[in-house]
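Below: one structure, written as structure tokens.
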Number of protein chains: 2
Amino acid sequence: MSADLLGQFDPEMTDFMNQVMALYRPIFGTDNRWTMLIDGTARAGIEAALVSLVAAGDKVLVLNSGRFGLLLTEILSRIGASIETIDVPWGEIVPMETLAAAIERTSPRLVAAVHGDTSTTMAQPLDGFGALCRAAGAFSYVDVTATIGGMQIAADRWGVDVVSGGLQKCLGGPSGSAPITISDRAAEHIFRRRHIEKGIRREDIVDGHGPRIPSNYFDLAMIMDYWSEKRLNHHTEATSMLYAARECARIALGEGLEKRYARHRAAGRAMAAGLRAMGLTLFGNDSYRMSNVTGVYIPETVDGEAIRHAMRTNFEIEIGTAFGPLEGRIWRLGAMGYNAMKHKVLLTLGALEACLRAQGHPVAMGEAVPAALEAWDA
Amino acid sequence: MSADLLGQFDPEMTDFMNQVMALYRPIFGTDNRWTMLIDGTARAGIEAALVSLVAAGDKVLVLNSGRFGLLLTEILSRIGASIETIDVPWGEIVPMETLAAAIERTSPRLVAAVHGDTSTTMAQPLDGFGALCRAAGAFSYVDVTATIGGMQIAADRWGVDVVSGGLQKCLGGPSGSAPITISDRAAEHIFRRRHIEKGIRREDIVDGHGPRIPSNYFDLAMIMDYWSEKRLNHHTEATSMLYAARECARIALGEGLEKRYARHRAAGRAMAAGLRAMGLTLFGNDSYRMSNVTGVYIPETVDGEAIRHAMRTNFEIEIGTAFGPLEGRIWRLGAMGYNAMKHKVLLTLGALEACLRAQGHPVAMGEAVPAALEAWDA
């Protein structure tokens with residue numbers, strides 16, 4: 001990110017933009033032409049997708065199983081969407097039969113889901129998701145902020161129209177850039193809402209007839225025109241963040257995606273095994289656990305915030321608090337990107353053991369690390 | 001920007017956030033508590049300001065004298081504002097008497113202006129602007145993207161409620177972060193529209209009763225709560241961009257703002273004098289010229305794009321094309337941030353002279369550089 005800045009239309013810069021498009025296709029598991037960046041944090045990508053796909057009054061079905069499902073409804077309600085939700089308790093996922101029934105019942109224009117909801121540490125299975133939506137004439141959107149680069153994203157195999165993520169989780173980069181991919185059919189739908197701003201109108205780009213997208217910054221039609229060979233001036237691409245996004249993808253592809261996902265799975269297995277060996281109880285369903293963040297119940301005799309404070313001040317390790325119904329009930333231990341490494345997991349477990357012991361909690365001493373080591377190699 | 005990433009609630013990170021708030025107050029010329037960053041490019045700051053200040057149906061008066069005035073109307077129309085404009089030809093500014101009459105005529109809820117519109121290279125005078133608005137019960141907004149760090153911004157003296165900018169012009173940083181400052185009265189207005197998203201509601205933060213802000217990402221009420229000691233979770237602050245914004249401000253304050261503005265004025269004077277000495281005609285009114293970008297007519301016998309191409313390929317110097325009514329008629333030569341230096345201006349003039357001569361244009365050879373040197377020291 002300390003590389004020299006470039007003018008946004010410098011051929012070297014536009015070449016970097018094209019490289020970014022190519023680099024993120026395998027990471028999203030897609031051949032989508034429209035694979036690029038939104039200049040903002042992960043939720044900027046979510047809002048760009050939703051505000052460009054959905055018009056006021058459109059029926060949208062949301063899989064709501066955690067804080068980030070709620071965020072989808074929050075953003076959609078501001079757009080004026082007519083929202084239907086499939087609500088499941090935090091820690092569970094939505095079975096495909098439930099989804100099929102809800103689509104049948106509600107006839108949505110869009111179905112929106114979160115792949116890995118860090119608030120619950122659960123990953124929503126998505127095979128067959130897009131096919132169900134398309135069969136019912138609905139578009140589909142999935143937020144992969146917390147999983148991209150750590151768990152397999154398969155936009156094309158899932159058949160999902162728009163997928164967006166962020167750099168700051170498993171891609172190990174800084175927050176502030178949101179990779180996004182858009183299927184041709186979704187792009188066609190969005191271009192029907194194209195409305196070029198005054199002052200930069202051009203004869204070669206014509207407006208669509210659909211309802212205008214209510215945000216200029218998040219107008220994916222204009223953003224696609226900017227990333228296309230048309231290079232329609234919109235925002236000024238965030239040069240250094242683009243360098244970061246490019247480097248994140250290069251590193252991930254250099255490691256090899258399969259190898260990278262396996263490393264995250266090993267870290268998740270090791271973390272889970274270590275916590276259990278310590279005598280703690282994991283939160284949620286083992287079958288749907290995200291590989292890169294693990295929820296664990298705070299023992300009732302323990303002051304959860306004091307442990308988090310001790311972890312941070314004595315060991316420089318930050319473990320997560322929780323939101324909503326899980327606040328004060330679980331910790332969330334991430335192992336993402338460069339933290340999904342054997343030594344980081346082992347050191348974290350050792351530190352947590354020491355902090356629990358120091359607070360007088362009867363922890364099984366010395367059990368976590370060997371259990372984690374064994375699970376890493378399993 | 002290559003400094004280590006920090007967790008968003010790490011005390012070191014929140015301390016950096018507080019430092020950024022303090023560093024940008026003098027740059028905006030304000031004591032406003034609410035002085036912070038929007039995570040996106042400059043137009044993200046504009047949209048955040050407008051979408052948070054204006055509700056659908058609100059009357060907004062826009063000073064429209066260039067492409068970025070049009071951008072304000074564009075964003076406002078998507079919000080559903082009732083827009084009135086004061087239209088002046090590109091290259092002119094809006095006199096205070098005209099503004100006063102328009103406020104009187106339209107009774108707006110908000111008056112929105114651009115300080116320096118790079119599309120026209122003119123700077124709108126703003127002394128007395130806020131007082132006129134406040135006397136009429138209107139809020140005021142000014143976009144200072146192209147001037148912040150290069151020309152004096154005086155939010156408090158202007159009496160303007162919300163001012164937003166970007167890093168990539170005179171602050172010499174990367175695009176992707178938008179500094180913004182908000183007066184207490186505007187903050188109070190915006191907090192009346194506060195609507196905390198589900199999943200992170202807290203007893204110590206209550207919703208307002210005003211119309212909900214139609215964007216989640218640009219909801220300044222939640223963003224202020226995030227930057228406050230409440231640290232309400234909203235987006236994940238873009239760590240590296242925050243480092244960049246902090247460093248831009250530190251460098252600007254380290255140089256001294258008065259000295260920095262004088263350097264930009266010298267660069268603008270030198271550029272203008274050099275272009276005139278070459279026999280070219282400047283665009284726009286000398287009295288209202290931005291100090292950091294200079295518009296010059298493309299001589300009729302010259303192929304403007306060929307000159308831009310020759311400048312870039314032979315000299316690695318990029319000069320600007322133009323938009324709208326000025327497209328193909330003027331070039332725009334920027335001297336912003338680290339480009340507002342004597343040698344950059346002189347080298348640019350020398351290069352342009354050579355390119356014009358190579359295309360057979362009868363340029364006064366060898367006149368531009370000494371004229372610019374003399375003007376620099378004037």
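It should be emphasised that the depicted structure is a prediction, and the values quoted were computed from it without experimental measurement. By convention in this document, chain letters (A, B, ...) are assigned in the order of the sequence lines, proteins followed by strands, and residues within each chain are numbered from 1.
Ranked by heavy-atom pairs under 4.5 Å with chain A, the first of B/S240, B/P174, B/S215 is B/S215. Of the residues considered (B/I75, B/T73, B/I200, B/T239), B/I200 shows the highest number of contacts with chain A, using heavy-atom pairs under 4.5 Å. For the set A/R212, A/M241, A/M1, the entry with the most heavy-atom pairs within less than 4.5 Å of chain B is A/R212. Listed options B/I38, B/L242, B/L71 were ranked by heavy-atom pairs under 4.5 angstrom with chain A; first place goes to B/L71. The most heavy-atom pairs under 4.5 Å with chain B, out of A/R67, A/R201, A/E237, A/Q168, come from A/R67. For chain B, the option among A/P214, A/S77, A/G69 with the highest count of heavy-atom pairs below 4.5 Å is A/P214. Of all the listed residues (A/I79, A/T41, A/D10, A/L5), the one sharing the greatest number of non-hydrogen pairs under 4.5 Å with chain B is A/T41. Heavy-atom pairs under 4.5 Å with chain A peak, among B/G40, B/A44, B/S2, B/G176, at B/A44.
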* Under the salt bridge (Lys or Arg N to Asp or Glu O under 4.0 Å) criterion, do A/R43 and B/E197 qualify, and how do the steps go? -> CA-CA 13 Å; A/R43 75 168 57 198; B/E197 68 189 51; 2.7 Å; yes

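The two residues A/R78 and B/M222 come nearest to each other via the heavy atoms NH2-CE, 3.7 Å. The shortest heavy-atom contact between A/E318 and B/G7 is OE1-CA, 3.8 Å.
With a 4.5 Å cut-off on non-hydrogen atoms, A/R312 touches chain B through its side chain but not through its backbone. Only the side chain of A/Y338 comes within contact range of chain B, with at least one heavy atom under 4.5 Å from a heavy atom of that chain. At a 4.5 Å heavy-atom cutoff, the contact between B/I213 and chain A is made by backbone and side-chain atoms alike. Of the two parts of A/E327, neither the backbone nor the side chain holds a non-hydrogen atom closer than 4.5 Å to a non-hydrogen atom of chain B.
To the nearest 0.5 Å, atoms NE2 (A/H235) and CD1 (B/I46) are separated by 13.5 Å.
Between A/Y217 and B/Y217, the distance from one ring center to the other does not fall under 6.0 angstrom.
Without hydrogens or angle criteria, A/S175 side chain to B/T236 main chain gives a donor-acceptor distance under 3.5 Å.
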